[in-house]
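Following: one structure in structure tokens, then a few remarks.
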Number of protein chains: 2
Amino acid sequence: MYTPGMETSERLIESTRRLLWERGYTGTSPKAIQQDAGAGQGSMYHHFRGKPDLALAAIRRTADEMLAKAEEQFAGPGTALERISAYLLRERDVLKGCPIGRLAQDPDIVADPELRRPVDETFDRLRGRLAEVLTEGRERGELGDTLDPEDTASTVVAVLQGGYVLARAAGSTESYRQAVQGVLGLLAAHAAA
Amino acid sequence: MYTPGMETSERLIESTRRLLWERGYTGTSPKAIQQDAGAGQGSMYHHFRGKPDLALAAIRRTADEMLAKAEEQFAGPGTALERISAYLLRERDVLKGCPIGRLAQDPDIVADPELRRPVDETFDRLRGRLAEVLTEGRERGELGDTLDPEDTASTVVAVLQGGYVLARAAGSTESYRQAVQGVLGLLAAHAAA
DNA sequence: GTCTATAACGTGATAGAC
DNA sequence: GTCTATCACGTTATAGAC
């Protein structure tokens with residue numbers, strides 16, 4: 001992943017992002033990061049205090065990117081259901097899984113409050129924005145009054161995260177697609193009711 | 001975890017089951033297993049060919065146990081919705097996550113077809129049984145005709161798996177509860193329609 | 001800012017004694 | 001069947017030269 005026109009610290013963060021996604025925190029060694037970034041031991045420990053410090057920088061950047069991409073669909077045109085549908089069905093590297101959700105399974109991430117915070121915040125903001133979209137849809141009469149926006153927002157995020165899990169287990173994106181179609185079908189039926 | 005009245009190979013499997021749940025495959029070392037089980041290196045390599053072989057035995061047992069516990073709710077009394085509700089709301093170690101779903105995030109598990117197979121099969125059977133329960137509910141008129149049992153079954157499994165992810169990220173079971181309430185609410189609205 | 005050297009310890013496995 | 005010894009290599013970091 002060596003990229004010539006990029007600062008060493010920048011390259012280290014980008015390599016860490018990629019390796020955290022592929023192998024998780026426990027499975028990613030400082031040595032692997034250094035090799036991937038084309039940097040020596042000394043460089044890494046000059047720019048970062050250690051593995052957790054570097055991981056924190058990488059996680060924050062990935063989290064910001066994820067929320068920005070989600071906002072593209074949430075703030076887009078269409079009904080609430082159309083925007084949520086666009087979000088769930090947009091092109092994704094389903095078999096690679098969610099770069100943030102993956103970290104929630106890592107015991108070393110969950111055990112460290114500094115590292116867990118950006119993961120928690122990411123899901124909290126996603127859920128919050130989805131709840132706003134759903135509330136809007138209910139006010140516009142696109143969805144029934146009985147729908148609980150907060151609970152349903154959590155459900156949508158959970159279907160996304162769980163869909164990733166099923167797809168990786170199966171080695172196929174089909175189960176992700178099914179899970180998404182299922183929840184969209186339930187939401188559509190609710191709208192019609 | 002040393003348990004006196006148990007065969008060494010039995011203790012090794014039980015320790016592996018617990019450590020795989022807590023730390024995942026990559027994060028679990030043979031040495032840690034041996035110490036937990038109170039067995040030496042030689043014992044482990046006498047009974048098992050290595051780490052993957054021992055992990056396979058542990059995963060199979062956990063998978064069987066999971067499916068058996070799920071069947072208790074699926075085969076129980078009540079409507080389809082009541083049985084699915086009982087399944088999702090039964091007592092669970094939510095913050096510890098799903099011992100099988102956790103493995104789907106592990107690159108070394110996914111990369112090894114022998115180790116991935118039991119994980120995939122577990123979800124496939126869960127999804128299959130849920131689809132049967134939903135089909136039954138539709139035939140009995142408990143659920144609307146527009147509901148797709150296969151897709152919805154995937155959705156329910158995904159909500160469960162995703163709920164675990166959200167709960168671990170938040171360090172609280174609340175988001176799991178919300179995600180489950182959300183999908184049950186959508187299913188209930190569908191039933192009423 | 002970057003590099004190499006070194007260190008103390010862990011990993012996954014084999015060999016062979018008991 | 002169980003144990004300890006040994007091995008080659010990886011991990012996470014520190015020290016200090018360039």
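The figures here come from the full heavy-atom set of this structure, side chains too, leaving out hydrogens, waters and symmetry mates. A, B, ... follow the sequence lines: proteins, then strands. Residue 1 opens every chain. None of the values given here were measured: they were computed from a predicted structure.
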Let me know the distance between CD of B/Gln35 and P of D/dT4, rounded to the nearest Å. 12 Å

Length of the line joining A/Asp53:CG and D/dT12:C1', which is rounded to integer Å: 14 Å

Side-chain donor-acceptor pair under 3.5 Å between A/Ser9 and A/His46, yes or no? no

If you define the side chain from C-beta out and look only at heavy atoms, does anything of B/Ile13 sit under 4.5 Å from B/Leu54? yes

Quick one: is D/dT12 close enough that its OP1 or OP2 comes under 4.0 Å of any side-chain N or O from A/Lys51? yes

When you check the side-chain N and O atoms of A/Gln161 and B/Gln161, is any donor under 3.5 Å from an acceptor? no

With no hydrogens and no angle check, do the side chains of A/Thr62 and A/Arg17 hold a donor and an acceptor under 3.5 Å apart? yes

Toward the 5' end of DNA chain D, which comes first, B/Gly38 or A/Ser29, by nearest nucleotide? B/Gly38

Heavy-atom side-chain proximity of B/Leu89 to B/Gln181 below 4.5 angstrom: yes

Which nucleotide span of DNA chain C, 5' end to 3' end, has atoms closer than 4.0 Å to non-hydrogen atoms of chain A? C/dG1 to C/dT4

How close or far is atom C1' of D/dT11 from atom CG of A/Leu54, stated in whole angstroms? 15 Å

What integer distance in Å separates B/Met44:CE from D/dT4:C1'? 16 Å

Rounded to whole Å, the CG-C1' distance (A/Asp108 to D/dT12) equals 13 Å

Among A/Asp106, A/Leu19, A/Thr16, which one satisfies side chain to side chain contact (heavy atoms under 4.5 Å, CB included) with A/Tyr25? A/Asp106

On DNA chain D, nearest-nucleotide positions of A/Gly42 versus A/Thr28: which is more 5'? A/Thr28

